Amino acid sequence: SELSARNNDGLAEGPEVDGTFGGTLAAADFTNDGPDDLAIGIRRARCPNDATGGAVVILRGQAGSGGLTSTQSRILFAGVDGVPGSCIDGRAFGEGLAIGRFNADVRPDLVVGAPGYPTERGSVTVLPSGNIGPEGGQGAVLIRGIDLPIPMATSTARIGRVLTTGTVRGTSSLLDSLVMGAPFDDAEGQSQAGSVWVVHPATDGSGLGLAGAERWTLRIPLAAAPAGVNDQFGSTLAVGDFNDDNARDLAIGSYLSDNQAVDAGVVRLHEKGNLPVLQAIDDIGFPKRAAAVEQRSMQASDKLVELLDR
């Protein structure tokens with residue numbers, strides 16, 4: 001096994017108290033040379049201006065038994081070397097990471113969340129792959145919570161904390177949508193009920209298009225159970241093809257939802273395609289009665305299934 005830490009990442013930096021090195025991880029072949037590279041989020045990293053605004057370290061993969069190498073490693077800070085934004089205490093650049101293919105080159109791009117930038121409404125930065133890793137100054141895109149369409153996320157949504165990608169909700173089979181959980185968003189009149197934002201790729205293959213971004217809450221457009229205070233809908237996300245129909249489905253966690261007990265939690269599955277009613281699952285994964293699952297129609301080919309923790 002290998003150990004990668006701030007004292008051996010090739011960047012002449014030592015470990016820091018509360019440094020949070022390795023708080024988030026994402027892997028992809030950013031350099032287009034075969035082996036995957038590793039992105040390491042450090043949400044409290046110290047920036048060149050001495051602020052603890054966060055950073056992302058990129059370690060190169062290498063073919064053979066060598067694995068990751070610190071040779072040609074890079075560190076990315078907001079506001080440095082062309083990366084959009086500013087490095088300010090508490091902005092948590094690197095707290096969320098995701099990999100997606102958003103434009104016509106179908107190369108893996110790195111998404112970096114900063115749930116405290118520029119305010120607690122949050123933001124993400126999309127860094128396209130380059131020949132030496134994600135290149136901040138070449139086509140980087142900053143998406144702030146305030147840039148999203150009306151109704152915008154509320155001031156404490158902390159967009160960028162929870163991220164995933166995938167070809168959800170009818171997008172191209174080649175290009176991904178960006179899915180952003182905003183578990184601290186106020187929704188439907190309830191404090192921290194939570195929401196999920198989905199940003200789809202533009203039809204011309206130029207990258208993500210904000211004009212078609214969608215805000216999902218439990219009632220709009222998902223038509224599920226009413227939102228509750230501190231449900232934190234969007235606290236966890238996963239994309240997968242759960243029924244082998246070659247279409248991607250989206251699982252959304254609300255781990256503090258009062259589902260039949262205080263903070264019992266619930267997972268809701270947005271399915272693309274026509275599936276039979278799923279069985280409920282309990283907290284150790286065994287099937288329960290299928291009748292216990294609530295299923296509501298979204299569109300002709302989209303529906304929401306609640307997996308109840310019973």
Side-chain angles (χ1 to χ4, degrees), residues 20 22-26 41 43 92 94-98 111 113-116 120-122 124 145 153-166 168-169 177-198 214-240 242 248-271 278-289 292-296 298 303-310:
T20 66
T24 47
L25 301 172
R43 65 186 180 90
E95 182 166 344
L97 294 176
V111 185
E120 288 195 1
R121 190 172 269 120
V124 298
T154 51
S155 60
T156 58
R158 295 190 66 80
I159 287 172
R161 186 172 184 266
V162 185
L163 304 171
T164 193
T165 66
V168 300
R169 205 164 172 80
S177 297
L178 173 61
V179 186
M180 304 179 290
F184 302 111
D185 195 9
D186 297 343
E188 302 168 29
Q190 303 295 321
S191 174
Q192 297 187 359
S195 67
V196 172
W197 283 88
V198 185
E214 302 173 70
R215 181 178 185 249
W216 294 1
T217 66
L218 286 172
R219 280 296 189 194
I220 304 172
L222 299 184
V229 172
N230 203 39
D231 276 354
Q232 295 193 24
F233 177 68
S235 55
T236 50
L237 300 169
V239 171
F242 301 122
R248 311 300 282 177
D249 311 312
L250 176 61
I252 306 171
S254 304
Y255 82 109
L256 292 179
S257 175
D258 294 341
N259 170 44
Q260 308 195 33
V262 175
D263 295 346
V266 65
V267 174
R268 293 178 171 89
L269 180 65
H270 168 244
E271 303 171 11
L278 294 182
Q279 290 181 308
I281 57 174
D282 63 16
D283 57 357
I284 54 175
F286 287 103
K288 292 292 185 181
R289 298 181 303 275
V293 181
E294 178 184 1
Q295 179 177 336
R296 300 181 185 274
M298 291 180 58
K303 55 182 178 289
L304 179 76
V305 176
E306 295 188 0
L307 306 181
L308 302 181
D309 178 17
R310 294 186 177 181

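We use all heavy atoms of the structure for the numbers below, so side chains are in, but hydrogens, waters and symmetry mates are not. Since the model is a prediction, treat every value here as computed from it, not as a measurement.
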[atom1]-[atom2] distance between [X] and [Y], expressed to the nearest 0.5 angstrom:
X	Y	atom1	atom2	result
Leu163	Leu97	CG	CG	7.5 Å
Asp186	Thr217	CG	OG1	12.0 Å
Thr156	Gln192	OG1	CD	6.0 Å
Arg268	Ser257	CZ	OG	5.0 Å
Asp231	Leu256	CG	CG	8.0 Å

**Request:** Run the numbers on His270 and Val168 for side-chain contact (heavy atoms from CB on, under 4.5 Å), then give the verdict.
**Result:** CA-CA 9 Å; His270 168 244; Val168 300; 5.5 Å; no

Under 4.5 Å between any side-chain heavy atoms of [X] and [Y], yes or no?
X	Y	answer
Thr165	Val239	no
Leu178	Val198	no
Glu120	Phe184	no
Val124	Met180	yes

**Prompt:** Where do Arg43 and Thr20 come nearest, in terms of heavy atoms and distance?
**Reply:** N-OG1, 3.4 Å

**Message:** If I compare all heavy atoms of Trp216 with all of Phe233, which pair ends up nearest, and what's the gap?
**Reply:** O-CE2, 3.7 Å

**Message:** Arg161: which residues meet the salt bridge (charged side-chain N to carboxylate O under 4.0 Å, His left out) condition with it, sequence neighbours left out?
**Reply:** Glu95

All side-chain contact (heavy atoms from CB on, under 4.5 Å) counterparts of [X], not counting sequence neighbours:
X	value
Ala193	Ala187, Gln190, Ala227
Asp185	Ala153, Thr154, Ala157, Ala182, Ser195, Trp197, Arg215
Ser235	Pro183, Gln232, Tyr255

**Stepwise side-chain contact (heavy atoms from CB on, under 4.5 Å) test for Ile252 and Leu237** = CA-CA 5 Å; Ile252 306 171; Leu237 300 169; 4.1 Å; yes

